[in-house]
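Single-structure report; data block below.
Quick caveat, the model's predicted, so the values are computed rather than measured. Note: hydrogens, waters and symmetry copies are ignored here, and every other heavy atom, side chains too, is used.
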Amino acid sequence: MIYREYGQTGKKVSLLGFGGMRFAKVDDHEECAKMMVTAAEGGVTYFDTAPGYFETRSEKAYGAGFKELKKRNLPFYSASKTFASTEAEIRKEVEGSLKRMGLSQIDFYHIWCITSLGGWEGRKKDGVLTAFRKLKEEGLIGHICVSSHLVKDEIKELLMEGVFEGVLFGYSAYDFPTREAAFDAVRAKKLGAVVMNPLGGGLIPDHPERFGFLCKNGESVVSGALRFLWDHSDITTSLVGFATLAHVKEALAAMDSYQPRNQGELDAIKALSQGSLDGICTGCGYCDKCPQGVPIPKFMDTYNQKILAKAGDKDPMGDRLRDMWDLSSSLAATCNQCGLCEEACTQHIPIIERLKEIAAL
């Protein structure tokens, strides 16, 4: 395992991190704990979750896992998050997280999901930073961090404010151009940098032929996608959302066989990827609150098929719709263009225009 300094905190964390958002059997605490123990025995020390993952059930699974790690004297750092802004709400949430995970302190606590600079200003007015600083003084959290879905210069502006010790943001071989500016601030402010969605929300392993350029010496596309991240020296930890024990073992094997690219090789990989995969939806689901009941994530997955279609594919979106018996293109036509989905979209995808295109099928 490779370990890197987390900003200026004095802590070293594993380059491969454990994400708790995709457990296949989140209520099977024995299985979840086994996955966490296997990861820790392989050298993983960074474990990230949130109360919103499976409606607090991920944190409960982590509680079982952390209990086993303590029994085995396996070192670990915990990370969680909160959407709350006011001191009372944040305190209630952090206390709940600590109880569920069986911890006295959350090492890396994140102001969760900053999607606009205006929203960030609103949270500051609510007192989010004052609350976080108090929690740190009391020892309930170790470090003040932020989770952001901003892109380009906006994420740089957020991080240059100088109030955080670390940042969590999406970064992978398919969407890296929109987040590159974050690293300018990471270097300038000496922040810990944790990246999520390293496999593009499953898009990369689902389309190995499209992402074959990531692979070297016959490695799997998963290994290639992870190595793409590990080659970035500014990345402290790359989170993988593990669903099964097999996924944990695959990622550990990729780390064991990891051979870094030189900068020239990495630049060549970026040149191959840049632009060709722009605008793909990762399926985060933040848009899935349409007042008209439009199943937006399903339709965006349908549109992905158009972007990812191979030469000669005649009707990729139509084929996808026919594969999904509960989805009719006429549903897309019920969109009233209120814009709530686009406000929630972490990738700033033109959802309304895509729905119009699907409705026209």
Side-chain angles (χ1 to χ4, degrees), residues 1-4 6 13-26 31-50 52-54 58-59 61-62 65-66 69 74 76-81 107-108 110 145 147 149 166-176 179 192-208 211 214-215 219-232 234-258 260 280 282-285 346:
M1 182 59 66
I2 296 171
Y3 300 89
R4 290 181 179 170
Y6 188 101
V13 299
S14 57
L15 182 53
L16 174 62
F18 193 113
M21 72 292 289
R22 298 189 188 275
F23 284 123
K25 298 179 180 178
V26 69
E31 179 65 16
C32 294
K34 185 177 181 180
M35 291 168 60
M36 293 173 69
V37 168
T38 299
E41 288 177 340
V44 172
T45 60
Y46 192 97
F47 292 83
D48 173 277
T49 186
Y53 297 159
F54 301 103
S58 177
E59 285 190 335
Y62 264 43
F66 287 149
L69 297 187
L74 292 167
F76 67 87
Y77 293 109
S78 58
S80 195
K81 318 170 185 74
D107 298 298
F108 302 100
H110 296 75
C145 308
S147 166
H149 291 282
V167 59
L168 169 65
F169 60 100
Y171 192 83
S172 75
Y174 89 89
D175 66 356
F176 69 89
R179 270 54 180 255
V194 180
V195 296
M196 56 185 165
N197 286 331
L199 304 180
L203 282 167
I204 293 176
D206 285 347
H207 296 85
F211 293 91
L214 294 171
C215 304
E219 69 185 341
S220 71
V221 72
V222 170
S223 295
L226 291 175
R227 184 158 58 89
F228 173 83
L229 300 180
W230 298 339
D231 287 340
H232 290 69
D234 293 315
I235 292 176
T236 310
T237 297
S238 54
L239 287 182
V240 178
F242 295 117
T244 66
L245 183 60
H247 290 167
V248 176
K249 292 179 178 179
E250 182 179 13
L252 290 173
M255 175 57 74
D256 288 342
S257 61
Y258 169 56
I280 293 177
T282 61
C284 69
T346 61

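Distance alone, capped at 3.5 Å, places no donor-acceptor pair between the Ser172 side chain and the Leu199 backbone. The backbone N or O of Ala79 lies less than 3.5 Å from no partner atom in the side chain of Tyr46, so there is not a single donor-acceptor pair. Ser58 contributes a side-chain N or O that, together with a main-chain N or O of Gly20, makes up a donor-acceptor pair within less than 3.5 Å.
Taking CZ of Arg227 as the reference point, atom OH of Tyr258 lies at 7.5 Å (rounded to 0.5 Å). Taken from OG in Ser220 to CD1 in Ile204, the straight-line distance is 11.5 Å, to the nearest 0.5 Å. Here the straight-line distance linking atom CD of Glu59 with atom OG of Ser80 works out to 4.0 Å at 0.5 Å rounding. To the nearest 0.5 angstrom, Leu245 atom CG is 4.5 Å from Thr38 atom OG1. Between the CZ atom in Phe76 and the OH atom in Tyr62 there is a gap of 11.0 Å [rounded to 0.5 Å]. One distance of note links NE2 of His247 with CG of Leu252; it measures 13.0 Å at 0.5 Å rounding.
Checked against salt bridge (charged side-chain N to carboxylate O under 4.0 Å, His left out), Asp231 has the following partners two or more places apart in sequence or in another chain: Arg261. Every residue meeting the salt bridge (charged side-chain N to carboxylate O under 4.0 Å, His left out) condition with Arg179, not counting sequence neighbours, appears here in chain and number order: Asp175.
Among all heavy-atom pairs drawn from Gly224 and Glu219, the shortest one is CA-OE2, 3.5 Å. The shortest heavy-atom contact between Tyr53 and Lys81 is OH-NZ, 3.2 Å. Closest approach of Met1 and Gly42 over heavy atoms only: CE-O, 3.5 Å. The nearest pair of heavy atoms linking Val44 to Phe47 is O-CE1, 3.6 Å. Residue Ser78 comes nearest to Phe66 through the heavy atom pair CB-CZ, 4.0 Å, listed as atom of the first residue, atom of the second, then distance. In plain terms, the two heavy atoms of Ala61 and Phe23 that are nearest each other are CB-CE1, 4.2 Å.
Contact annotation: the side chain of Val37 approaches that of Leu69 to within less than 4.5 Å [non-hydrogen atoms, C-beta and beyond]. When side chains are defined from C-beta on, Phe108 does not count as touching Leu168, because their heavy atoms never get closer than 4.5 Å. Two residues are said to be in side-chain contact when any heavy atoms from C-beta on lie closer than 4.5 Å; Met36 and Phe242 fail this criterion. Between Phe176 and Val195, every side-chain heavy-atom pair lies at or beyond the 4.5 Å cut-off.
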May I have the list of side-chain donor-acceptor pairs in residues 234-241 shorter than 3.5 Å, sequence neighbours left out?
unit_1: Asp234; atom_1: OD2; unit_2: Arg187; atom_2: NH1; d: 2.5
unit_1: Thr236; atom_1: OG1; unit_2: Ala193; atom_2: N; d: 2.9
unit_1: Thr236; atom_1: OG1; unit_2: Ala193; atom_2: O; d: 3.4
unit_1: Thr237; atom_1: OG1; unit_2: Ser14; atom_2: O; d: 2.9
unit_1: Ser238; atom_1: OG; unit_2: Leu15; atom_2: O; d: 3.1
unit_1: Ser238; atom_1: OG; unit_2: Trp230; atom_2: NE1; d: 2.8

